[in-house]
Number of protein chains: 2
Amino acid sequence: MPTLDEVARLAGVSRATASRAINGGSRVSAKAAEAVAEAVRTLGYVPNPAARSLVTRKTETVAMVVPESDERVFADPFFARTLHVVTQALAQRDLQVVLLIAQPGDEMQRTLRYLRGGHVDGAIVVSHHRNDALADHLAAIGLPAAFIGRPLTGAEKVFYTDPDNIAGAREVTNILIERGCRRIGTITGPVDMSAGTDRAAGWRSALDAAGLATDAVVEGDFTEDGGEAACEILLRDHPDIDGLMVASDLMAAGALRVLDRAGRRVPDDIAVVGYDDLGIAERTTPPLTTVKNPIGDMAREAVRLLLAQLDGGTTIPRRVVFAPELVRRTSA
Amino acid sequence: MPTLDEVARLAGVSRATASRAINGGSRVSAKAAEAVAEAVRTLGYVPNPAARSLVTRKTETVAMVVPESDERVFADPFFARTLHVVTQALAQRDLQVVLLIAQPGDEMQRTLRYLRGGHVDGAIVVSHHRNDALADHLAAIGLPAAFIGRPLTGAEKVFYTDPDNIAGAREVTNILIERGCRRIGTITGPVDMSAGTDRAAGWRSALDAAGLATDAVVEGDFTEDGGEAACEILLRDHPDIDGLMVASDLMAAGALRVLDRAGRRVPDDIAVVGYDDLGIAERTTPPLTTVKNPIGDMAREAVRLLLAQLDGGTTIPRRVVFAPELVRRTSA
DNA sequence: CCCGAGAGTGGAAGCGCTCTCACTCCCCAC
DNA sequence: GTGGGGAGTGAGAGCGCTTCCACTCTCGGG
């Protein structure tokens with residue numbers, strides 16, 4: 001592997017000039033720049049990133065942290081879409097993305113050590129839970145970071161983007177109320193995630209405003225099987241429900257299967273609404289009325305928040321909240 | 001950030017001893033080792049990876065290269081499973097995985113520069129195509145690598161694992177022949193991938209042996225929509241087919257939808273077999289008879305091949321081929 | 001009692017790069 | 001003519017670490 005020294009020698013300049021020529025080239029004569037470029041070409045020189053980052057203290061790498069089981073990461077279109085957008089957005093700045101999938105426990109310790117070790121310049125965190133305490137940890141490490149989805153603890157210490165889940169859930173529940181449902185249940189997300197608690201809160205707020213009962217609640221886990229199981233419990237304990245707000249389309253798909261098996265027609269016997277609108281909602285039978293989760297926008301904004309920190313601008317945490325958008329189909 | 005120097009000073013030893021104590025600890029007295037460990041703990045010392053890899057010439061990082069559009073990467077369970085297994089296997093050796101998704105073109109150039117730049121110790125390549133010429137490129141760079149799936153060019157220069165696609169396709173096609181199909185078509189994979197050409201070759205070989213016509217061929221692209229489109233063409237051009245071998249379950253799922261719409265009963269009017277058995281095959285209607293693609297084994301083996309190179313053992317290319325395994329369901 | 005082996009240690013070189021600083025030009029305004 | 005300033009350059013320090021080498025010290029065997 002050729003070094004900068006050899007490039008400089010071949011180009012007939014000093015190592016300092018060669019370095020300047022390679023990085024941006026300001027304060028370098030056209031002649032010198034050309035000679036260096038030529039030398040780089042003939043030698044096939046590629047800068048050694050370790051040496052470079054040893055002195056610049058930059059790695060040009062960003063971690064995408066997903067404190068979740070790998071099965072879920074790939075089963076849920078949410079992650080795919082997020083990773084896609086994040087990767088694209090960071091690639092424009094020539095930043096590499098390292099995907100860190102780590103559940104709480106040993107793996108998480110390894111991940112934190114990795115983040116603390118200076119392997120990356122910053123982190124994007126997605127699908128975090130209360131007990132991973134990532135916001136606190138990252139704030140303690142002092143690593144620039146942006147969260148997608150509001151952390152349940154330590155939110156005030158970090159940058160994050162969040163959909164207005166409370167408003168979204170309230171509005172979509174109102175669709176059920178307006179169409180005449182009087183006994184409305186919900187399958188929530190995990191209560192250790194803000195998307196879980198907020199959407200449940202929105203559901204409750206809509207029912208409270210309408211003077212309806214809020215006891216038909218089962219916690220789900222954002223998976224299809226979990227939605228199925230939750231729906232079975234719900235039907236058993238509250239057989240009279242005529243409306244159902246499910247906190248994610250994936251869970252709703254599972255719930256629809258259960259309703260179908262139970263012989264309940266949707267939306268006639270029971271109207272169902274979901275949440276997310278990431279492709280699944282239009283493929284269920286019947287297609288789901290749902291709320292759009294603007295993950296593309298959120299991911300892009302999270303990248304922007306991260307870059308703002310990397311560029312040395314802000315260090316005072318900022319947050320960006322996205323308004324919900326209803327998508328009406330035939331399930332309610 | 002504390003440095004090794006500070007650790008050494010606090011422990012009352014030299015930097016050299018502190019370094020030895022931290023890495024393995026051979027040739028270090030128990031007393032010194034304990035003092036260093038204590039100092040590391042109180043200082044919260046984490047080694048600087050850039051400095052370390054500058055001298056060791058190791059990065060403890062492995063790239064997983066996927067020359068494919070990001071949509072496909074996440075739509076196809078093949079990648080999820082592969083990435084999962086690779087990540088798990090490498091984590092046991094404390095190796096980080098960097099996911100590089102890059103289609104031919106500019107992105108590919110960036111990726112190659114990244115690989116050449118010494119950011120990673122090795123690479124696992126999956127879903128490569130003829131024109132990306134990755135085997136040639138990686139061999140030229142001299143980077144330790146292992147391919148999952150035989151490269152169509154340069155296969156002799158690299159380590160790879162491969163399922164025996166020809167045998168698998170032949171055997172699954174024989175199921176169609178044995179059940180009495182006489183007009184058997186195929187939807188192939190992309191012909192610029194070995195999985196595409198090999199499975200088509202296996203299909204052809206089975207038909208040749210049985211003395212049947214091999215003209216009902218349409219090329220697909222390993223996506224669900226592509227399978228749908230290919231099946232429509234096939235039905236239009238060869239309305240008399242009574243058997244269909246599809247080169248992937250995902251495409252077969254699309255084909256089944258087309259057959260359903262066309263009013264053809266499966267398997268009575270037309271028997272269908274797929275390939276891969278990664279979860280989709282059991283969820284289609286009817287469930288697919290298919291061939292198991294042992295991607296877990298292949299991925300693990302690829303990691304083993306890579307580690308063999310990293311550990312300085314072999315440099316003479318080796319390959320491991322996996323025998324096919326039929327999975328009988330109701331579609332044929 | 002001495003010598004050699006081996007364990008443990010520290011000094012110092014050096015990995016490949018960036019960047020500060022001091023220097024030399026050269027040009028232009030006065 | 002002279003002085004000031006900007007453009008271009010190179011010497012050299014130093015980023016934090018590993019590792020070679022030389023050294024000391026402790027034993028056990030002859």
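None of the values given here were measured: they were computed from a predicted structure.
- Remark: side-chain polar atoms of A:D162 are paired, donor with acceptor, to backbone N or O of A:R150 under 3.5 angstrom.
- Comparing C:dC17, D:dG10, D:dG16 against the side chain of B:A51 picks out D:dG16 as the nearest.
- Distances shorter than 4.0 Å separate none of the side-chain N or O atoms of A:S19 from OP1 or OP2 on C:dC17.
- Between A:F147 and A:H128, the ring planes are perpendicular. Angles over 60° get that label, and only those under 30° would be called parallel.
- Look at CZ on B:R52: it is 18 Å from P on C:dG16, rounded to the nearest Å.
- Among the nucleotides D:dT18, D:dG10, C:dC15, the one closest to any side-chain atom of A:V13 is D:dG10.
- Side-chain proximity of B:T17 to C:dT9, C:dC17, D:dT18: nearest is C:dT9.
- The CZ atom of B:R27 sits 14 Å away from the P atom of D:dC21 (whole-angstrom rounding).
- If you check every strand for non-hydrogen atoms under 4.0 Å, B:A32 touches sugar and phosphate atoms only.
- In this structure, A:R20 does not reach the D:dG10 phosphate: none of its side-chain N or O atoms is under 4.0 Å from OP1 or OP2.
- If you measure from atom CG of A:N23 to atom C1' of C:dT20, you get 15 Å, rounded to the nearest angstrom.
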Please lay out, stage by stage, how B:T61 and B:Q96 fare under the test side chain to side chain donor-acceptor pair (under 3.5 Å). CA-CA 5 Å; B:T61 304; B:Q96 260 307 318; over 6 Å; no
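- The residue among B:V55 and B:G12 whose nearest nucleotide of DNA chain C lies closer to the 5′ end is B:G12.
- One atom, CZ of A:R57, and another, P of C:dT18, lie 15 Å apart when rounded to the nearest Å.
- Between B:S29 and C:dT9 there is a side-chain polar atom (N or O) within less than 4.0 angstrom of OP1 or OP2.
- Both B:T56 and A:A33 lie near DNA chain D, and the one whose nearest nucleotide falls closer to the 5' end is A:A33.
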What verdict does the side-chain contact (heavy atoms from CB on, under 4.5 Å) test give for B:V86 and B:V62, after you've listed the backbone C-alpha separation in whole Å, the side-chain angles of each residue and the deciding distance to 0.1 Å? CA-CA 10 Å; B:V86 167; B:V62 167; 5.9 Å; no
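- Taking atom CG of residue B:L54 and atom P of nucleotide D:dG16, one finds them 12 Å apart after rounding to whole Å.
- Listed pair A:R15 / D:dT9 fails the phosphate criterion, with no side-chain N or O lying under 4.0 Å from OP1 or OP2.
- Atom pair B:L4:CG and C:dC15:P shows a separation of 19 Å (rounding to whole Å applied).
- Under the 4.5 Å side-chain criterion, counting only non-hydrogen atoms from C-beta, A:E301 is in contact with A:F322.
- A:T3 comes within contact range of the sugar-phosphate backbone alone, with a heavy-atom separation under 4.0 Å but no base atom that close.
- For A:N48, no side-chain nitrogen or oxygen approaches OP1 or OP2 of C:dC15 to under 4.0 Å.
- The nearest whole Å value for the distance from the CG atom in B:D5 to the P atom in D:dT18 is 12 Å.
- As rounded to whole Å, 15 Å separates atom P of C:dT18 from atom NZ of A:K58.
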